[in-house]
Amino acid sequence: MARRSMAVSIIRRLEAFTMTTQTATQTDPSKAGPSFDSRALRDAFGSFATGVTIVTTAGPDGVDIGLTANSFSSVSLDPPMVLWSLARTSLNMDAFRNNGHFAVHILSADQESLSSRFASKGIDRFEGLTLDRGPDGVPLLPDCMARFTCKLAYQYEGGDHVIFVGEIVDFGHSARKPLVFHGGRYGMLLAKQAVAAVESAEEFSNLSSDDLLYQVSNAYLRTRQSVIEKLESRQWKAEEYAVLSIIGREDGLCMPEIVARSEKVRGQGISAAIVQQLITRGLLEEVDASDGRVAVRLTADGRHAVLELIAIRKSSEADVQGKLDPSEVQLLKHLLARLDA
Ligand SMILES: Cc1cc2nc3c(=O)[nH]c(=O)nc-3n(C[C@H](O)[C@H](O)[C@H](O)COP(=O)(O)O)c2cc1C
């Protein structure tokens, strides 16, 4: 009972808010309230970090409708209710006003592209997605972090938006990391606790001011070491791996090109002796390059060796990725690419 009255009081506050704005604009537009610089107001709103959702419904002709929205908020536990708001300019206003149901999908950190897709105009936002169906034909997206299927309970005028309040008829969620939106940019969460634990760890007490450099180099050396150990356990040297993977990618290179590519990828060159050993073992063979120089290419045995090395690399990649969850892998790749720029 107490919870119900809390929900009612929230709804009343919404009604009061709607009435105030309507009265001001309707009676005398010049007294419609202070006029703010809309860019500044937008920026101030954007300082509130939110999650990102996709809200869907079905049009009268059964067409699938959906858009990205961060105006979502939970409202009430009993009865279970949520709200979100839709810009009056939306061509889909009628569909949301008239269909008795909608679904809110909360996106996880690895669903930024889905968010961008559902905020873009002039494309089929549902193309290629495997959909389930909710009540009134509402399209339900797979693989989201949480989903609330709602019966439309109330609609309120909210300035240039319409506020939709829904009563939840079904929901589900999974333990993933959320996609975050703040200051007009996507982000993801890093628990303060985790940061504090790293900062207080003993091995970090002696860091120099280059601590980021230290951590990146350390992570590189450790991951590289684990690859080298895997290679050595199968009687491969790191240099042999380097040459075979360079030739595996680009057959028919001459020695100076192999050295240049190795310097680029590993930060160090390759001795001619290693290439010679691989020729002696029958994994590489010499051929004439078109400019008259001597190039090397893989033999059939060499190609088998490359396949084995690819399997080792994949298993090392799986070991590294196994230490992180998929959204962290994506974030780390993004950050390392920025450092490499
Ligand atoms: C992160 C993010 C949050 C958004 N939140 C909302 C929102 O809460 N309400 C809204 O009407 N539009 C919101 N938009 C904009 C719409 O997704 C976008 O304008 C979309 O094209 C609207 O589609 P429609 O015109 O087909 O309804 C948001 C966009 C992004 C990228």
Side-chain angles (χ1 to χ4, degrees), residues 10 14 17-18 21 38-39 41-75 81-129 131 136-141 143-150 152-166 168 176-189 327 330-331 334:
I10 290 172
L14 285 168
F17 161 73
T18 308
T21 40
S38 65
R39 181 73 257 170
L41 186 57
R42 197 184 280 260
D43 289 349
F45 284 160
S47 64
F48 185 59
T50 66
V52 181
T53 74
I54 290 174
V55 189
T56 58
T57 195
D61 42 2
V63 67
D64 293 330
I65 285 168
L67 76 148
T68 303
N70 68 341
S71 51
F72 169 82
S73 175
S74 57
V75 174
M81 294 175 119
V82 298
L83 68 77
W84 69 285
S85 63
L86 177 64
R88 285 189 172 283
T89 49
S90 169
L91 296 176
N92 296 313
M93 182 60 78
D94 287 346
F96 281 106
R97 278 189 181 282
N98 297 329
N99 187 319
H101 290 87
F102 62 84
V104 181
H105 307 78
I106 298 188
L107 301 189
S108 56
D110 53 355
Q111 291 182 308
E112 181 181 328
S113 60
L114 204 59
S115 170
S116 303
R117 184 205 281 214
F118 276 80
S120 304
K121 307 241 183 235
I123 56 162
D124 175 3
R125 294 174 181 167
F126 290 88
E127 193 188 343
L129 297 178
L131 303 172
D136 285 336
V138 172
L140 304 176
L141 308 179
D143 297 332
C144 292
M145 196 180 155
R147 184 169 71 202
F148 302 97
T149 309
C150 302
L152 180 59
Y154 305 99
Q155 301 177 32
Y156 299 98
E157 304 309 310
D160 56 11
H161 280 61
V162 171
I163 302 158
F164 292 102
V165 179
I168 298 168
R176 289 158 79 172
K177 298 215 163 169
L179 182 61
V180 172
F181 197 66
H182 177 251
R185 298 172 71 174
Y186 293 104
M188 59 188 286
L189 284 182
S327 52
Q330 206 182 31
L331 176 66
H334 172 72

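We count ligands from 1, going down the list as the structure has it; atoms in each ligand are counted the same way.
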- Under the ring-ring contact (aromatic ring centres under 6.0 Å, His included) criterion, do Phe102 and Phe96 qualify, and how do the steps go? CA-CA 7 Å; Phe102 62 84; Phe96 281 106; 7.1 Å; no
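- Pairs passing the salt bridge (Lys or Arg N to Asp or Glu O under 4.0 Å) check and including a residue from residues 99-123, sequence neighbours excluded, read Asp110-Arg176.
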Enumerate, one pair per line, all nitrogen or oxygen atoms of ligand 1 lying under 3.5 Å from a protein nitrogen or oxygen, stating the separation to 0.1 Å; write 'none' if no such pair exists.
residue  : atom   : partner : partner atom : Å
ligand 1 : 5 (N)  : Asn70   : N            : 2.9
ligand 1 : 5 (N)  : Asn70   : OD1          : 3.1
ligand 1 : 8 (O)  : Asn70   : N            : 3.4
ligand 1 : 8 (O)  : Ser71   : N            : 3.2
ligand 1 : 8 (O)  : Ser71   : OG           : 2.6
ligand 1 : 9 (N)  : Ser85   : O            : 2.9
ligand 1 : 11 (O) : Ala87   : N            : 2.8
ligand 1 : 14 (N) : Thr68   : O            : 3.2
ligand 1 : 17 (O) : Thr68   : O            : 2.8
ligand 1 : 21 (O) : Ala119  : O            : 3.2
ligand 1 : 21 (O) : Lys121  : NZ           : 3.4
ligand 1 : 21 (O) : Arg125  : NH2          : 3.1
ligand 1 : 23 (O) : Arg125  : NH1          : 3.3
ligand 1 : 23 (O) : Arg125  : NH2          : 3.1
ligand 1 : 25 (O) : Lys121  : NZ           : 2.8
ligand 1 : 26 (O) : Asn92   : ND2          : 2.8
ligand 1 : 26 (O) : Arg125  : NH1          : 3.1
ligand 1 : 26 (O) : Arg125  : NH2          : 3.4
ligand 1 : 27 (O) : Ser90   : OG           : 2.6
ligand 1 : 27 (O) : Asn92   : ND2          : 3.4

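- Across Met81 and Ala153, no two heavy atoms sit closer than the pair CE-CB, 4.1 Å.
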All N/O donor-acceptor pairs, side-chain side in residues 46-55, below 3.5 Å, sequence neighbours left out:
residue : atom : partner : partner atom : Å
Ser47   : OG   : Ala44   : O            : 2.5
Thr50   : OG1  : Asn70   : ND2          : 3.4
Thr53   : OG1  : Ala69   : O            : 2.6

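- Applying the side chain to side chain contact (heavy atoms under 4.5 Å, CB included) rule to Phe45 yields the partners Leu41; only residues at least two apart in sequence or on another chain are considered.
- Around atom CD1 of Ile123, more than 12 heavy atoms belonging to other residues, nucleotides or ligands sit under 6.0 Å away.
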